[in-house]
Every structure is written in structure tokens, then in C-alpha cells.
Amino acid sequence: MSIVWILLNIALAGVVLNVLFSKSKIVQKYVSLLVFAGLTYFSFIMYSQVGEHFDFPLQIAGQSIGFTITWLNYYFGIMITGISLLTVIFSLKYMEGKDGSTNYYTVLTLKTFGMLGVIFSSDLITFFVFWEIMSWSTFALMSTGGKEAPKSAFKYFVFAITASMILMAGVVLSYSLFGSFDFTVIHGKIGTLSLSMTGFLLSIFIVSFSVESAVFPVHSWLPDGYSNTFTTFTAYLSGISTRIGIYGIILFLFGIFGMQTIDKLSIIGKINFRYIFGVFAALTMVVPTFTALYQHDAKKLIAWHSVGQGGYMLIGLASGSALGIAGGMFHVLNHMAYVVLIVFAIASVEHRTGTTNLNKLGGLIKKMPVSYLALLFGIIGLAGLPPMNGFVSKWFIYRALILGGYPFLAIAAVIGTLGTILSVYKLIHNMFLGQLPERYNNVKEVGFSMQLPMWILMIVVLGLGIFPGVAMGLIAKIQISLGLAAVPYSLHGIQTASGQLNMMVVGALFMGGLLVAWIIYLLGSRRKHISQYNNYAAGNFLDKNVAYNFNYEFYAAMEHVIDPYRKKIIQRTEQGIAGLTDAVSEYVRRIYTGMINTYGIYVITAFIVTIIILKELI
């Protein structure tokens, strides 16, 4: 039996069982734990069936529909099931006593079912059906949590419906052009289209996936949507949900249209489809990353970074080089590991303190050392610093952009990294460093079931940083299967004609630097541990009524410099787009007369115009 069938049936059984036992949260917990453990196990052993195809026992329009196992969806399948299992383990304790958690495990399982169906689909119909299941379950996930959750979920709903309609248009147009829904058939016939039609069809799919990937400027649904739900859902959504849009982009760019076809879509010189896509990716890196500096809620800060980090993945893909594409794919895995680790640390603090407001926290390092260490590992990965995993994939991307002759895109990537470093320092400082508020004197570290996922992810973040070859072997197989060149790799890095990276050497230098710093510290003057209030400032002794920890408006000076440009450029642009949208919407509203004869004329006119356009394009 196909392992795809087993995966989907296990996930579907999990949904049904969670519905049946909706009155018993204890049963739901352990049913979900067993379901996701099974999904993870079968995902890992699926490699033996890579290349096999399996059809549904039904046909649509006389064509078979079904699933195919490829190295690409094997890679994403491991990520989906693995991070889902860790989320469930973490949630066992975190969700105790939470209001509105009745359907928590049901919706989580349904979401996973939808994502697995999307990635293993071998045709447009199956892909679209599971895409809808995934989107609706995302809406349900976002609707649970705080009082603002339904409002932000509705915002996502508007974007998701728009993306689905665009995707449906691509499905219908593809069938009219190729007479098939099958990915393999479409790939074989792409070359028969004119360049204008090829660009039009590709743009339809890329725009649809870009909405799900929260690419600038269709990203505004994500920060509120991800930060207003349960924090464990924030981790799950930030880690893997948004990256299904990246999966779609990889599949259609390289698996269906192909690199040779894409590179024919040129305007002037290097200004081609990939370069334009790279510009949007650069904006996605920079704008949301610096927006994160303004956030005073830990979840919202990381949600903005989830948008920004997607830009690195996309700009790596847009580079078109073996190294850049490998970096983009690797960054999907790396981001999933460190962002979920960061959000789990935030959830642990929230579990003990009841807040994620950065202005109300501080000084928790000694109270919650494991959570502090988890956040430290995570933000080093997020900032792209050695020896964590984020450094490796970002190094691939930087080098690919420089060697590929894209200096401005490379500069944008570096600027994005600088913004990341600034905001993650604010995050760890305001949560764990500085003054401990009196109300948190009795706070303790979270229990084992919440620590375990964090320890596992810390090992992954550090392990993939020192041993990137563990993932690069699979990524090389993906590249070869998509007709791309693979990057020569070793266990500790890569070695190409244009340069090499050995993370064992980089890690050793990094650890050596820490050792030297530690020795200098030990050789310094004698130290004495004192109470945080056994201190003074401006000639006055401190007490618990003096807030000496600088939390609020952490980057006030920088905001003072940036704000004028942000208001002049970004806010005015957004306001202009919003105003134009309102004006167009008001005008379009007038066409709804309520008269059937008018609607009939609209349909006939649209049909005639469509035929004329298609005749010109084909």
C-alpha cells in the first residue's frame, strides 16, 4: 500500500476521532499524539517509494487524479509532520485550561491533512481541492485564541479567497491550453505556448502562491493573523504553514515550467521574470524586518520576521543558480526549526507570566534558563550568525547573489540581516535580561513536556549549522529531480570552484572566540553577586518602585530617524493603494444592478473578450 494513502488516512482518522471525542480533552490529547507520531514515522520511511505514482479510484473529465512521491514533497512532508508532532507535544501542557480550545486538535489535524494533500498532489484538481482544505483550516486556526482572533482571521479569509480564485483561474486556463490537469503532461507541453501566454500563466500561479507566502505587498494579513491566535498555533503557522506557498512556487517554477522556459521571459538584459520576482523578494526581506523593530509584543515581532525570512527563501530561488536555489530550499528548513524554537520559548514565558508584552517582561534568565537558552539559539539562527543553521543558508544566498551579478539584491539581503539582529536583541533583552519585575519573583521554568520540543529544536538548529550536509544531501536530490544542477557538498559544508564553506572550521573559530572571552572574564577582577536593587543610578539608590530596565520604546532614536521615511514612502503608498481600491470597489459595485438581463449581457461580453484575448495570446 502507498505510504501517501497511509498518511492521509491516519490524518483523516485523527480528525474524525477528535470530533468524536470533542468532550474529552484528555482523549483528544493522546489521540493526537499517536496520530502525529504515526504521521512522522511514515513520512521518514517514505524515501523507499520516491518516484511512485498512485491514482484515485475515480476520474474527472476523463482523467485520473492522484498523488506522486518526489524528493521535493518528501522534504516538505518530513517538515510538516515533524513540526506538527513537536507542536502537539508542547501543547499537552500549554493548552491546559485555555478557553476556546475545544477544537484545537481537530483543526490542527485537519490543517496537516490539507498540507499533506497539497504537497503530494500530482495534478491541478487534487492540488486545488487540498489547497482549499488547507486554507479553510488555516482560517479556523486563526479564529481561535484571543478576542482579536476572529477579526484577523477574517482578514486572512479575504486574502485566501482571492488567492483561491486566482489559482482556480490558473487551473481552468491550464486545462483549456493543455487538455490535462496532470503536472507531467503540462510540463511536457509548456514549450508549445507563446512567451506571452507562458508569462501570463506563470504569473497567475505565482501571484496565488505569493499570497499564501505573504510576499510583499500581499503580506499584511499575516502579522495579526499569526499573533492573535494561540501561541502554539503561532509557532505552527510561522514554521510551516506559510511555506506551503513556497512549495507551490518551487514546484511550478522548476518542476512544471522549468528554468529554461523561465529564463526566456526576459524584458531588457537581466531584467527578466526572475529579477522582478527577486525585487519583490528583496522588499519582503527589508520592509517587514524593520517593521518588527516597532513591535512591543513578542508574537507580533516574530510574525513580522516570518514575513521577512520568506524573502530570503524567495530571493535564493530567484537567483537561478544552483547555490542560491539550494540556499532558498535549505532556508525553509532552517527557518522552520529556529522560528518554532523562538515561539516555543515565547509560549513558555507566556505560560508562566501570562503575557507576551515586551514592556512588561524582563530579568527572567535565572528563573527560566532553558527557555532563555532556547530563545538564544533561535535568535542566533534567525539573525544568520554562526554556528547556527541560519548562517549556512544565508551564506549560500549572499554568495549566489554576488556571484550572479545581483549586487543590489545582495545589499538588500545584508540590510535585512542587520534589521533582524537589532530586533532580536530587543526581543531577548526585554524578556530575559535586565530588571526582574517583583510580580515574577516566584516564576519557575516550564515542565518537561514543554522543554522537550525546545531541546530537540536546539539540537536541530545547532546540528544543521555544524553538519549542513545532513540536509544538503536531500536538497541535492531535489535539485537533480527538477533538472537543476546540484551543489557539491560535504558533511560540514560545500566545496565549489568559486569557494567553499566548512562549518566545522567556522564553528571551531566561534567556540574558540567564546573560550578566549571566558578566560578573560575569569582573569578579570573579583566579582560579587548582589541583589538587583543593591545598585544606584544618577546618585540615587534603586528600589522596586524604580523601573531602571530600558524596555519601552527600545529603539526610539532609530524610530525617530526612520519614521519620516516610513510615513512618506510606505504609509502613503499603502494609503494610496487603499484609496484606489476603495474607489474602484465603489465603481464596480454599481455594476450589480439586480437585473438578470444585465448579468446575462455581462457573461456574454466576458466570454467574447476572453476568446479574443486567448486567440491573440496563443
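Here the structure is a predicted model, which means the values were calculated and not measured.
Ring geometry for Tyr104 against Phe230 counts as perpendicular: the plane angle is over 60°, on a 0 to 90° scale with 30° as the lower cut. Note: His335 and Tyr338 have perpendicular aromatic rings, judged against thresholds of 30 and 60 degrees for the angle between ring planes. By the 30° and 60° cut-offs, the orientation of the rings of Phe209 relative to Phe205 is parallel. Ring pair Phe76/Tyr247 is perpendicular by interplanar angle, where above 60° counts as perpendicular and below 30° as parallel.
Distance check: Leu251 CG to Ile244 CD1 gives 11.5 Å after rounding to the nearest 0.5 Å. Considering CG of Leu237 and NZ of Lys111, their distance stands at 6.0 Å, rounded to 0.5 Å. Going from atom OH of Tyr406 over to atom CG of Leu401 covers 8.5 Å, rounded to the nearest 0.5 Å. Considering OG1 of Thr232 and CG of Leu86, their distance stands at 12.5 Å, rounded to 0.5 Å. Distance check: Met472 CE to Ile478 CD1 gives 10.0 Å after rounding to the nearest 0.5 Å. With rounding to the nearest 0.5 Å, the separation of NE2 in His331 from CE in Met336 is 12.5 Å.
Taking the ring centroids of Phe120 and Phe130, they lie at or beyond the 6.0 Å cut-off.
Among the candidates Phe233, Trp304, Trp221, the single residue satisfying the ring pair (Phe, Tyr, Trp, His ring centres under 6.0 Å) test with Tyr226 is Trp221.
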- Going through the checks in order, is the side-chain contact (heavy atoms from CB on, under 4.5 Å) test met by Leu253 and Met259? CA-CA 7 Å; Leu253 276 181; Met259 181 65 76; over 6 Å; no

- Message: Evaluate Tyr236 against Leu141 for side-chain contact (heavy atoms from CB on, under 4.5 Å), listing each step before the verdict.
- Response: CA-CA 10 Å; Tyr236 177 77; Leu141 282 175; 4.0 Å; yes

- Would you check, one step at a time, whether the test side-chain contact (heavy atoms from CB on, under 4.5 Å) holds for Met115 with Ser137? CA-CA 10 Å; Met115 290 193 293; Ser137 55; over 6 Å; no

- Message: Run Phe273 and Ile206 through side-chain contact (heavy atoms from CB on, under 4.5 Å) and show every step you take.
- Response: CA-CA 11 Å; Phe273 183 90; Ile206 296 301; 4.0 Å; yes

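Across Leu482 and Gly255, no two heavy atoms sit closer than the pair CD2-CA, 3.7 Å. The shortest heavy-atom contact between Ser393 and Asn334 is OG-ND2, 3.0 Å. When all heavy atoms are compared, the tightest approach of Ile250 to Met329 is CG2-CE, 3.8 Å. In plain terms, the two heavy atoms of Arg274 and Asp263 that are nearest each other are NE-OD1, 2.7 Å. The heavy-atom pair separating Phe128 from Ser164 by the smallest distance is CE1-O, 3.5 Å. Taking both residues in full, the closest heavy atoms of Leu124 and Ser174 are given as CD1-CB, 3.6 Å, listed atom of the first, atom of the second, then distance.
Counting heavy atoms from C-beta outward, Thr126 and Val118 have side chains that stay 4.5 Å or more apart. Using a 4.5 Å heavy-atom threshold, the side chains of Met431 and Ile346 count as touching. Residues His187 and Phe257 have side chains not in contact (no heavy-atom distance under 4.5 Å, counting atoms from C-beta outward). Leu427 places a side-chain heavy atom less than 4.5 Å from the side chain of Ile342. Annotation: side chain of Leu457 is in contact with side chain of Ile83 (closest heavy-atom distance under 4.5 Å). Contact of the Leu323 side chain with the Ile494 side chain is registered, since non-hydrogen atoms from C-beta on lie closer than 4.5 Å. Considering only heavy atoms from C-beta on, Tyr175 stays 4.5 Å or farther from Val171 through its side chain. When side chains are defined from C-beta on, Ser152 does not count as touching Met142, because their heavy atoms never get closer than 4.5 Å.
Residues forming a ring pair (Phe, Tyr, Trp, His ring centres under 6.0 Å) with Phe432 (at least two apart in sequence, or on another chain): Tyr372. Partners of His305 by ring pair (Phe, Tyr, Trp, His ring centres under 6.0 Å), not counting sequence neighbours: none found. Evaluation of the ring pair (Phe, Tyr, Trp, His ring centres under 6.0 Å) rule for Phe254 yields no partner, not counting sequence neighbours.
Side-chain atoms of Thr355 come within 3.5 Å of backbone atoms of Asn357 as a donor-acceptor pair (strictly under, hydrogens ignored). No donor-acceptor pair under 3.5 Å is formed between the side chain of Thr242 and the backbone N or O of Ser238. One N or O on the side chain of Lys426 and one on the backbone of Leu293 form a donor-acceptor pair closer than 3.5 Å. Looking at Ser135, its side chain never comes within 3.5 Å of a backbone N or O of Glu132 through a donor-acceptor pair. In this structure, Ser319 contributes its side chain and Ala400 its backbone to no donor-acceptor pair below 3.5 Å. Between the side chain of Lys394 and the backbone N or O of Thr417, no donor-acceptor pair lies under 3.5 Å. With Ser208 contributing its side chain and Ala163 its backbone, the two residues share a donor-acceptor pair below 3.5 Å. Under the 3.5 Å distance criterion, the side-chain polar atoms of Thr229 are left unmatched by any main-chain donor or acceptor of Gly225.
Looking only at atom types and distance, the side chain of Thr284 has no donor-acceptor partner in the side chain of Tyr312 under 3.5 Å away. In this structure, a donor-acceptor pair under 3.5 Å is present between the side chains of Thr231 and Glu350.
Heavy-atom contacts from other residues, nucleotides or ligands closer than 6.0 Å to CZ of Phe280 number 12 or fewer.
The pair Asp224-Lys151 does not count as a salt bridge, with every side-chain nitrogen at least 4.0 angstrom from each carboxylate oxygen.
For the pair Lys477 and Trp71, the cation-pi test (distance below 6.0 Å, angle within 45°) is passed.
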